[in-house]
Amino acid sequence: MQAHNNAYYVPPPSIWPIVGSVALLTLAVGFALVLNKVAVGSLVMALGAGILLIMLFGWFGAVIKESLAGKYARQVDTSFRWGMVWFIFSEVMFFAGFFGALFYARNLALPGLADAQSLWPGFSAAWPTTGPGLKTVITPVNAWGIPALNTLILLSSGATLTWAHWGLQKDRQRQLKLGLALTIALGILFIGLQIHEYGEAAFTIRDGIYGATFYMLTGFHGFHVMMGSVMLIVILLRSLAGHFTPGRHFAFEAVAWYWHFVDVIWLLLFIFVYCL
Amino acid sequence: MNTSTVSNAAAVHDHAHDHAPTGVMRWLTSTNHKDIGTLYLWFSLFMFFFAGALAMLIRAELFQPGLQLFQPTVFNQLTTMHGLIMIFGAIMPSLVGFANWQVPLMIGAPDMAFPRLNNWSFWLLPAAGVLLISTFFVPGGAIAGGWTMYPPLFMQGGIAYDMSILAVHILGVSSIMGAINIIVTILNMRAPGMTLMKMPMFVWTWLITAFLLVAVMPVLACAITMLLTDRNFGTHFFDASGGGDPVMFQHVFWFFGHPEVYIMILPAFGIVSTIIPTFARKPLFGYVSMVYAVASIAFLSFIVWAHHMFTTGMPLGGQLFFMYTTMLIAIPTGIKVFNWVATLWRGSISFETPMLFSLAFVFLFTIGGFSGLVLALVPVDIQLQDTYYVVAHFHYVLFSGSAMAIMGGVYYWLPKWTGHMYDEKLGKVHFWLTAIAFNITFFPMHFLGLAGMPRRIPDYALQFAEFNMIASLGGFLLGASQLLFLYVVIKCVRGGIAAGNQPWDGADTLEWTQTSPPPYHSFVTPPLVK
Amino acid sequence: MPKYTGRRLGQPFSAIRSLCAIFFGLIPALAWADFAVNLPQPASGLAQDIFDLHSLILWICLAILIVVFVPMLIALIRHRKSVGHQAAKFHDNLGVEIAWTIVPVLILIGMAWPATRLVASMKDTSKSDLTIKVTGHQWKWEYEYLGEDIRFMSNSSTPKVQIDGEQSKGEHYLLEVDRPLVVPAGQKVRLVLTASDVIHAWWVPAFGVKQDAIPGFIRDAWFKVDQVGTYRGQCAELCGVGHGFMPVVVDVVSPEQFATWKQEQKTLVAAAAANVGKTYEMAELKALGEKVYAANCVACHQPTGMGVPGAFPALNGSAIVSGEKAGHIDIVLNGKAATAMAAFGKQLSDLDLAAVITYERNSWNNTTGDLVQPADIAARRR
Ligand code: HEA
Ligand code: HEA
Ligand code: CUA
Ligand SMILES: [Cu+2]
């Protein structure tokens, strides 16, 4: 392709997408089997996850190779940026759905249940609650314990990441690597504390609408932190291999955007799930 | 609008160096927007026939009162899967297929922005399709709770329910990635000089549609994820005893669901806005207002969702708000209809098959829009909600709307895609059969709904017998007519009179500057749009 | 006599009229109200207002349709290429574009105004004379007259043989029940609705009332009907296998008759109370059990007791049915969570439950010979 240095890079045919489809199909079938207590389910799932991993390695490997070979002209870089922006927007909408569910449950569903006194005598729409049918009492997690600490951790991880970015822009590779390593450490610390908090919590996901919204929102967020950490680790490894230059480091920026997005979601969680 | 020229038709041909793979690998591993577009189109045609066959079974059961062919369990599976597959398997993929073929060609781009991702978006569909269709064969059979999947009914059921939820997840991933790809292609890959306000109308409608997809597919994912956890992990999102609310699902679902119906109609608007000026030999009237109208429809579509829920017993204020916003959509949509009519006015009109489909679209879609408006009025909707009137409404906007626009688009671009003219005579026969059979099938459903026939029932009271029989007969004719469509398409793919670069004298968009079929890599060096 | 405006069985099928109805579309929809092409004859003020609103909107839409498509038709005829028409070049006209934005706004306001007033009155359930609690179950309605100690189930009474086409279908096929809701004419009746399992919707077209019944929540609706008669409707929200077989029938009677009817119901309740603790013979229980089974269980477990493989288990030869009585009683009383098997303990009386269980244990190939008495049920109720 060297003939068209400025032309938009159209990759040659690739096996990875179809591998990815097979992976997701296998994973989904396995999951459905597991949910319905069919014994082979977990094996099928493991197989799917394995294929998915192979696909991720293969696909991202190809992308990195192309990137290093300088095949991505300016315009391709812009595409990647737009692509990441819209991807993050879709994630925003995903969380918006769950936040919407939380608001709906608190402001509309519970008052509705409290109105139905003939069905649920004595029920009043207080939060937290497990609902009128389950009689457990919820002791919520104290916002100013681990959650506040976690807020601090995630906020500082945002700062260390930005510091790493500055390093990259000024081509101070040490600062870049140190910043990334710190960010990853903070991310892992966050996940560790979150797991600890789950272990300590006096309620489960089965405990009514409070448990459901709590674990769903924090769980999906935690999952995103994990994904982000893995992505950061990849970026750190690539930094160690010297892949990034002050002029070209879209992969770094994409992951940084993602990380900041996860950060903002946490702030919303802290306010709406833990504090209010 | 686009008075455009191509600066380098020749540059295209010195591209022998990257060989396209041949055989099955060409299709499995493709990174070419045209091949992937073709895959999308064939896939959706297959799914259209599959879901259409289910509709034939529905109409056969409803041919007369009483249970003849199917137990109610099976009947409910048929309607649910018919709706689900038509929407996610037929209409949406075919529109994405159009986007894949046409968007790069119309904006002078060499390909989609992310060609590999594009291939994944496609190949996820067969994966999801296999998962979905295989549910017919699992214990308990396929899902039977309606394509809207309302809990608590959706809690009752076996493995098919979980499989279908996961299949819809996969479809969602595919749609989101496809939509991102389209947005980025349009924003970043236009040929020099192709400003946003010079883009063909079809490209505009897809830009906005893709935005809707990215915004609402994740919300659908969210809704069905909650279903999945309620079913399997003991959450109580939709269970009152745990403080949840079944109606909450409906809110989340329709926040996706209503934009979804515009996702299915806006690209159809785009197709029609391309075809009508061609055969009226006159530029599209009111291009700018068309763009704004599409944007306003998209905006409004986010704040009307609860018009599907008027009978759930919302507070008065809620009902009024959603009634007013819903009615407002008539205004931008009306602007589009008026613009089409004004485009025809004092044109030099000819009636090739694509034009026939487009004209029928304008007329029949408007009827469907009017029945939508009738449904938007809360008191009337209270009578008509969940009756055949709604079924009539949405088949008017979906079949004579989306599907007929798609058919028109297929006829319009087939010469470009295959290099051959389709059989014009058979195309016209197909059109007339479809248009007539369609109305025989679905017009009586308005009467059935008004008279009080609920939807989603396998058997009905005797006063509904005649219209159901008529609808069934029409339905069979409609189904049979589509076999003709299949025949015409296959015939055209296999051969026919050479189409030449520009078979339609009124067409002015960029794809017609390319050969028919276009070279494997078109616009490797971007054309200059003046 | 009540007027159900649907066509009845026995009227000759007229293909020509139907085809006309299709091809002349909307116009006969208004003129031929007796041909079931329009909303049914309204029986309440609300339904009348809805009818009028719908007619108004229909006429407006028809007018717009003509205004829009007559010009299109003219263009299609006169501005054809084949008649040598040359295309004009215009593609904009701010004036008309503004006009066709403003005029629709005004038309919409004209539609929204009457609709708004009507919604407000539909929502106004205050000052009712009588309140009835309606509970939707898969697939029957339960009616409870609040403050009156009257409560009963209303099951579809269309025989399965008619549905399966083994017997000719009756006049009110699928729209008939064993015990209709009875309400007095001329009084404002308030319904409060809920459901026990999935969402249902209570709907009588002639009243202009359709309201979802949502498990765990309470919604309300009202109607006032002056004309004495029998009115029919159906469940209008997909609720599973029996959704198509869940009719609503309301008998509107004069207030005097209503008072008598109430008295009768109270006597029935008293009679049932007197029978508590009584023991029954096998034949009695089996006969009653067969009826209960037909009304409550056939939809899933089928008349043959063979169920639907994969979806609903066979009771014929089932381990539970031929096993310990207690296990059998428990599953029928409490149902099975997250399956379609409902907790019938809340819906049926001890006698009915005893009867249906006895019936199941001694029908088809099941020959346990066990007799389950109402007292056995009462003992296992939690
Ligand atoms: C392509 C898909 C599509 C489109 C475009 C529409 C368009 C519209 N729909 Fe439809 N709708 C569906 C697909 C679609 N719908 C589906 C699938 C369902 C059922 C889902 C389910 O339950 O399974 C549904 C259900 C549905 C309901 C719920 C019914 C119920 O279940 O009770 C309502 C209620 O408001 C509604 C309203 C509308 C309105 C007001 C429009 C408007 O956008 C129409 C606007 C167009 C016009 C009005 C005509 C042209 C305008 C003029 C010529 C201008 C002048 C006109 C005036 C001033 C009046 N639709
Ligand atoms: C996207 C669009 C779409 C399209 C194109 C169609 C097309 C058709 N639909 Fe569909 N329909 C829906 C979307 C669509 N539908 C949705 C969303 C629902 C709601 C589901 C729910 O309630 O959850 C629904 C529900 C629905 C119902 C109501 C079911 C019920 O409530 O119980 C009915 C009933 O008549 C029906 C009929 C038809 C028919 C006859 C066609 C025909 O137009 C189909 C014609 C096409 C073919 C038939 C092609 C196949 C041809 C062959 C296989 C050849 C063999 C055939 C012969 C030889 C005759 N549809
Ligand atoms: Cu009850 Cu449908
Ligand atoms: Cu809608």
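In what follows, chains carry the letters A, B, and so on, assigned in the order in which the sequence lines appear, proteins first and then strands, with residues in each chain numbered from 1.
- Contacts of residues 80-90 of chain C with chain B at a heavy-atom distance below 4.5 Å involve C:R80, C:K81, C:S82, C:H85, C:Q86, C:A87, C:A88, C:K89, C:F90, listed in sequence order.
- Distance OG/B:S289 to CD1/C:I98: 10.5 Å, rounded to 0.5 Å.
- When heavy atoms are compared at a cutoff of 4.5 Å, B:L384 approaches chain C by way of both its backbone and its side chain.
- Both the backbone and the side chain of C:C61 have a heavy atom closer than 4.5 Å to some heavy atom of chain B.
- Aromatic ring orientation, B:W345 versus C:H79: perpendicular (interplanar angle above 60°, classes split at 30° and 60°).
- The greatest number of non-hydrogen atom pairs below 4.5 Å with chain B, out of C:M341, C:Q138, C:Q162, is found for C:Q138.
- Put simply, the residue from B:L344, B:V337, B:T366 that forms a side-chain contact (heavy atoms from CB on, under 4.5 Å) with C:M72 is B:L344.
- With a 4.5 Å cut-off on non-hydrogen atoms, C:A201 does not touch chain B at all.
- Expressed to the nearest 0.5 Å, how far NZ of C:K123 lies from CG of B:L320 amounts to 10.0 Å.
- Within the 4.5 angstrom heavy-atom criterion, no atom of B:Q64 approaches chain C.
- Heavy atoms closer than 4.5 Å to chain C are found nowhere in B:P332, neither backbone nor side chain.
- Heavy atoms closer than 4.5 Å to chain B are found in both the backbone and the side chain of C:L76.
- Taking CZ from B:F370 and CD1 from C:I60, the interatomic distance works out to 10.5 Å, rounded to the nearest 0.5 Å.
- With a 4.5 angstrom heavy-atom cutoff, C:L108 touches chain B via backbone and side-chain atoms both.
- When ring centroids are compared, B:W340 and C:F69 stay outside the 6.0 Å threshold.
- Rounded to the nearest 0.5 angstrom, B:L153 CG and C:H243 NE2 are separated by 10.0 Å.
- Residue C:I199 touches chain B through both its backbone and its side chain, counting heavy-atom pairs closer than 4.5 Å.
- For chain B, no part of C:E166 is nearby; none of its heavy atoms comes within less than 4.5 Å.
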